[in-house]
Enquirer: 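Below is the structure I would like to discuss, written out as structure tokens.
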Amino acid sequence: MNLIEGLNHKQKEAVLQTKGPLLILAGAGSGKTRVLTHRIAYLIQEEDVLPWKILAITFTNKAAKEMRERVDTLVGQGSDEIWVSTFHSACVRILRRDIEKIGYNRYFTIYDTADQKTLIRECLKELNYNEKNFPVGSILGEISSQKNELITAKEYDKQSRGDYRREKISHIYKLYQKKLESNNALDFDDIIFKTVELFTYHPDVLDYYQNRFEYIMVDEYQDTNTAQYKLVKSLASKHGNLCVVGDDDQSIYGWRGANIRNILDFEKDFKDAKVIKLEQNYRSTKIILDAANAVIKNNYGRKQKALWTENEQGNPIEIRQTDNEHKEADFVASEIVKQIEEEAREYNDFAILYRTNAQSRVLEEHLIKHSIPYRLLGGIRFYERKEIKDILGYLRSIQNTDDDLSLKRIINVPKRGIGDTTIGKVEDYVLANDINFFNVIRDRELVSQFGRAATKLKSFADLMGGFQVQAQIGTVMELIETILDRTGYLKELENENTEESNERIQNIKELISKAADYDENAEEPSLGGFLEEVSLVADIDNYNEENNAVVLMTLHSAKGLEFPYVFITGLEEGVFPSYMSIVSEKEDAVEEERRLCYVGITRAKEKLYLCHAKSRMLRGLTQYNRLSRFVGELPKELIKMGNSPKRSADPLAGIRARNKVLENYKPYGGASLNETSAAPKKISLDYECGDIVKHIKFGVGTVEDITYAGADYEVTVTFPKFGQKKLMAGLAKLKAVK
DNA sequence: CAGAGACTCGAGGAG
DNA sequence: CGAGTCTCTG
């Protein structure tokens with residue numbers, strides 16, 4: 001098979017450039033997956049590279065699977081010998097072999113975000129820190145950023161001297177890490193970090209993989225963090241055949257440590273690196289591409305790129321304003337019905353994208369109302385559901401007896417009379433004697449000291465012992481069924497017989513069938529392997545484009561996908577770009593939002609809708625947000641206003657003028673929402689959030705929130721006697737009290 | 001020890 | 001608004 005045929009000049013060049021460092025700057029829709037698969041096929045077929053000498057890192061398991069299949073069709077066979085996987089799967093595979101060398105054992109558990117939070121709470125309790133001053137989420141974020149930068153707890157501690165808050169956080173980090181180790185568990189960041197550590201302290205291990213991987217390819221390189229960069233660099237440093245593919249304009253994971261410098265500095269980091277730009281887009285219409293270019297050009301510090309296409313002009317971009325989020329959702333649903341009827345479209349031609357998962361609910365409601373089949377990605381993942389986590393808790397405790405966290409989760413689920421008091425007593429003993437929980441309760445002598453609860457603990461230990469035997473002799477599916485039966489978990493749900501409990505039973509059945517599927521199809525099925533697969537699967541991995549349904553997902557999840565019709569909803573300041581990015585002191589926070597917008601726009605092949613609502617209910621409060629600045633960045637000739645009452649020459653003139661004021665006022669970020677809302681000054685307020693004000697009827701109160709609404713401000717004030725009130729500043733005549 | 005009901009408080013994206 | 005926590009009672 002000729003692997004070069006049908007590729008454009010640049011694509012060919014990228015396939016043929018097999019030696020040395022290569023950076024492929026691949027614009028959206030420029031056929032990079034095609035290039036990567038053909039490149040791998042070319043290596044195997046034309047350059048006689050053994051398949052198992054190739055490592056290809058993709059962003060999702062789904063992409064990995066697809067890549068393997070496509071290589072398969074190109075070269076016939078041998079593709080199962082190639083390492084195609086995500087960073088995390090590749091690292092876990094490496095760690096399962098050699099993690100003993102750095103003080104864990106191979107039965108380690110992978111903790112998800114919920115587990116991490118539980119562990120942090122334990123740390124806070126132990127250190128006597130208040131959760132108010134140290135919110136779990138932000139502590140976790142701080143620790144995660146350190147790990148992404150390969151900074152250990154010890155190093156962080158050193159760097160934090162003199163900074164009171166950082167010192168405290170470093171204590172938490174230290175204890176958190178100690179607990180992970182004693183539970184024989186890794187968090188997501190550790191998976192990469194510990195692999196780098198393994199390579200650093202055990203050069204023989206690194207040497208083995210360096211020799212093995214003669215050719216390395218990394219997709220979505222713009223989203224790699226420092227730890228991943230280090231990993232790739234070490235692996236490639238022997239043969240030097242490293243090909244990375246990425247697009248700096250699609251870097252949207254800065255918040256989880258992705259370092260955009262990795263791609264911007266590639267040529268500096270790897271001497272004699274060759275750079276190939278893929279700039280021809282095969283996906284979108286001219287109009288869509290022009291829109292994407294118009295938005296992204298407002299960012300600074302990009303690599304120069306000029307995306308172009310030979311595709312036709314296409315439909316104008318439709319901008320639709322609605323009164324509120326319900327009307328927005330209704331418009332989207334009606335429009336889908338209309339397009340299906342008039343243009344003979346299928347449901348799976350449509351994608352609805354949004355900035356935050358919370359926005360999906362209303363959209364779902366209206367899709368149901370219109371009887372439109374849909375598939376929702378993201379939100380609560382299957383494996384995060386309570387009933388699933390409970391079962392997994394059992395499996396983890398069976399697999400890894402050091403995992404106290406999982407054991408404590410299920411020790412009283414279903415209820416078996418081992419309550420908080422008993423757990424507390426055992427826990428005290430655990431902490432005092434530096435021993436694991438499971439080791440205490442399976443020691444009949446130690447257990448005797450716990451008085452009345454001793455019998456219950458003993459019978460629980462016996463139950464778990466039985467499961468461990470079962471794990472040795474049967475399949476994963478059989479183990480799960482045994483657990484469900486012997487613990488009475490399923491029976492309890494069946495007795496409940498509510499809508500909720502029945503759904504839980506359905507989920508459990510789905511878990512069983514996933515386990516059965518695993519038992520059948522895995523190369524060497526094992527409990528550890530199953531747990532690993534479960535931990536590393538992403539929601540997007542299960543997205544199947546064959547399924548004829550409209551798909552709903554966040555803009556982040558949509559990366560790498562394409563759809564004929566795309567709706568981007570919630571294009572409002574404070575929603576998209578997000579409130580957090582606007583108030584962030586980080587200069588480029590809004591730029592990342594803009595890249596996200598670029599990603600969203602370039603998902604569309606034929607028609608793009610941009611929707612925004614005048615008001616939107618957020619956490620029980622109605623908010624009035626201005627139209628997103630990103631919409632104002634579109635040239636007028638590309639757009640069509642939805643049901644615009646009057647059709648002026650430039651329908652967005654007003655927005656543009658206002659955004660101009662805004663930019664002069666404070667360009668890109670820095671400005672708080674309240675400040676941006678105040679841009680057209682008609683009324684001036686002599687108070688701000690937090691101030692005490694006086695109202696003629698309600699008396700004295702505290703200003704909680706000020707939102708710009710139409711030509712006035714909506715001020716939220718809490719009065720001691722009357723509670724929280726929303727007042728229009730123009731009418732209420734509030735006076736600041738000094 | 002378990003369960004029901006009151007209550008507080010939070011601004012995001014994900015492997 | 002809704003998830004998660006706290007408090008109270010049987």
Side-chain angles (χ1 to χ4, degrees), chain A residues 58-64 85-92 110-118 121 131-132 135-138 140-141 144 148 186-192 220 223-225 228 251-258 325 353-359 361-362 377-381 383-384 386 412-424 452-453 456 532-541 553-559 570 574-584 589 592-593 595-596 599-600 616-623 625 672-673 704-705 707 724:
Chain A
T58 57
F59 200 66
T60 62
N61 294 301
K62 179 170 178 275
S85 68
T86 63
F87 269 109
H88 288 90
S89 318
C91 287
V92 167
I110 298 165
Y111 280 177
D112 67 17
T113 314
D115 303 321
Q116 290 179 282
K117 285 187 175 161
T118 311
R121 288 209 177 87
E131 211 179 292
K132 286 248 159 53
V136 176
S138 70
L140 217 46
S144 173
N148 287 333
L186 305 185
D187 63 23
F188 283 117
D189 303 313
D190 278 343
I191 292 174
I192 314 292
E220 306 286 5
D223 289 324
T224 53
N225 62 37
Q228 291 163 334
S251 165
I252 54 173
Y253 283 100
W255 52 274
R256 67 174 208 209
E325 73 275 20
L353 310 181
Y354 38 80
R355 179 63 181 78
T356 65
N357 282 309
Q359 289 165 252
R361 224 189 179 100
V362 177
L377 295 175
I380 298 181
R381 284 166 58 228
Y383 294 106
E384 285 166 5
K386 184 189 174 298
N412 200 29
V413 178
K415 301 265 177 299
R416 50 174 76 92
I418 307 178
D420 294 342
T421 321
T422 310
I423 294 173
R452 258 189 319 173
K456 287 167 175 165
E532 177 183 320
E533 202 167 288
V534 159
S535 307
L536 298 180
V537 72
D539 224 17
I540 201 79
D541 294 332
M553 64 178 101
T554 62
L555 287 143
H556 279 91
S557 301
K559 195 174 69 156
V575 177
F576 187 31
S578 75
Y579 172 82
M580 298 292 273
S581 71
I582 296 172
V583 297
S584 166
E592 183 153 310
E593 299 281 310
R595 290 194 290 270
L596 190 57
V599 168
R616 183 177 295 274
M617 179 89 95
L618 290 167
R619 320 176 312 286
L621 286 174
T622 304
Q623 306 229 335
N625 295 312
S672 81
L673 190 61
E704 306 290 354
D705 193 23
T707 317
Q724 201 169 76

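Only a predicted model underlies this, so the values are computations on that prediction, with no experimental measurement involved.
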Enquirer: State which of dG15(B), dG12(B), dA2(B) makes the closest approach to the side chain of Asn412(A).
Expert: dA2(B)
Enquirer: Which part of the nucleic acid does Ser578(A) contact within heavy-atom distance under 4.0 Å: base, sugar-phosphate only, or nothing?
Expert: base
Enquirer: From the set dG3(B), dG15(B), dG10(B), return the single nucleotide nearest to any side-chain atom of Arg619(A).
Expert: dG10(B)
Enquirer: From CG of Asp541(A) over to P of dG15(B), roughly how many Å is that when rounded to an integer?
Expert: 7 Å
Enquirer: Quick check for you: among dG2(C), dG13(B), dA11(B), whose closest atom lies nearest to any side-chain atom of Arg361(A)?
Expert: dG2(C)
Enquirer: Stacking here means centres under 5.5 Å and planes under 30°; does Trp255(A) stack on dG13(B)?
Expert: yes
Enquirer: Once you apply a heavy-atom cut-off of 4.0 Å, does Thr86(A) come out as touching a base, just sugar-phosphate, or nothing?
Expert: nothing
Enquirer: Using side-chain heavy atoms (C-beta onward) and a distance below 4.5 Å, is Asp539(A) in contact with Ser557(A)?
Expert: no
Enquirer: When you check the phosphate oxygens OP1 and OP2 of dG15(B), does a side-chain N or O of Ser535(A) lie under 4.0 Å from one of them?
Expert: no
Enquirer: Where do Leu555(A) and Val599(A) come nearest, in terms of heavy atoms and distance?
Expert: O-CG1, 4.3 Å
Enquirer: OP1 or OP2 of dA14(B) versus the side-chain N and O atoms of Thr554(A): is any pair under 4.0 Å?
Expert: yes
Enquirer: NZ of Lys415(A) versus P of dG3(B): gap in Å, rounded?
Expert: 5 Å
Enquirer: Passes side-chain hydrogen bond (donor to acceptor under 3.5 Å, both in side chains), Ser535(A) versus Glu532(A)? Steps please.
Expert: CA-CA 5 Å; Ser535(A) 307; Glu532(A) 177 183 320; over 6 Å; no
Enquirer: Are the side chain of Arg121(A) and the backbone of Glu131(A) linked by a donor-acceptor contact shorter than 3.5 Å?
Expert: no
Enquirer: Do Arg355(A) side-chain atoms and Val575(A) backbone N/O form a donor-acceptor pair below 3.5 Å?
Expert: no
Enquirer: Using the side-chain heavy atoms of Arg121(A), tell me which of these nucleotides is nearest: dA14(B), dT5(C), dG15(B).
Expert: dT5(C)
Enquirer: Between Lys132(A) and Glu593(A), which is nearer to the 5' end of DNA chain B once each is assigned its nearest nucleotide?
Expert: Lys132(A)
Enquirer: Roughly how many Å apart are dG13(B) and dG4(C), using the P atom of each and rounding to a whole number?
Expert: 14 Å
Enquirer: Look at the side chain of Asp189(A) against the base of dG15(B) and say whether a donor-acceptor pair falls under 3.5 Å; ignore hydrogens and angles.
Expert: yes
Enquirer: Could you tell me the separation between the CD1 atom of Ile582(A) and the P atom of dG12(B), rounded to a whole number of Å?
Expert: 14 Å
Enquirer: By a 5.5 angstrom centroid cut-off and a 30 degree plane limit, is there stacking between Phe87(A) and dG15(B)?
Expert: no
Enquirer: Calculate the interatomic distance between Leu618(A) atom CG and dC9(B) atom C1'; express it in whole Å.
Expert: 16 Å
Enquirer: Please report the distance, rounded to the nearest Å, between CG in Asn225(A) and P in dG15(B).
Expert: 14 Å
Enquirer: Rounded to whole angstroms, how far apart are CG on Leu536(A) and C1' on dA14(B)?
Expert: 13 Å
Enquirer: Could you check whether Thr113(A) gets within reach of a base, just the sugar-phosphate, or nothing at all, counting any heavy atom under 4.0 Å?
Expert: base
Enquirer: Are Phe59(A) and Lys559(A) close enough that some pair of their side-chain heavy atoms sits under 4.5 Å apart?
Expert: yes
Enquirer: Please tell me if Lys559(A) has a side-chain N or O lying less than 4.0 Å from either OP1 or OP2 of dG13(B).
Expert: no
Enquirer: Whole angstroms only, please: what is the NZ-P distance between Lys117(A) and dT5(C)?
Expert: 10 Å
Enquirer: Check the phosphate of dG12(B) against Asn357(A), side-chain N and O only, distance under 4.0 Å to OP1 or OP2. Yes or no?
Expert: no
Enquirer: Rounded to whole Å, how long is the line connecting atom CD of Glu131(A) with atom P of dT5(C)?
Expert: 8 Å
Enquirer: Of the options dG12(B), dA14(B), dA11(B), whose atoms approach the side-chain atoms of Ser581(A) most closely?
Expert: dG12(B)
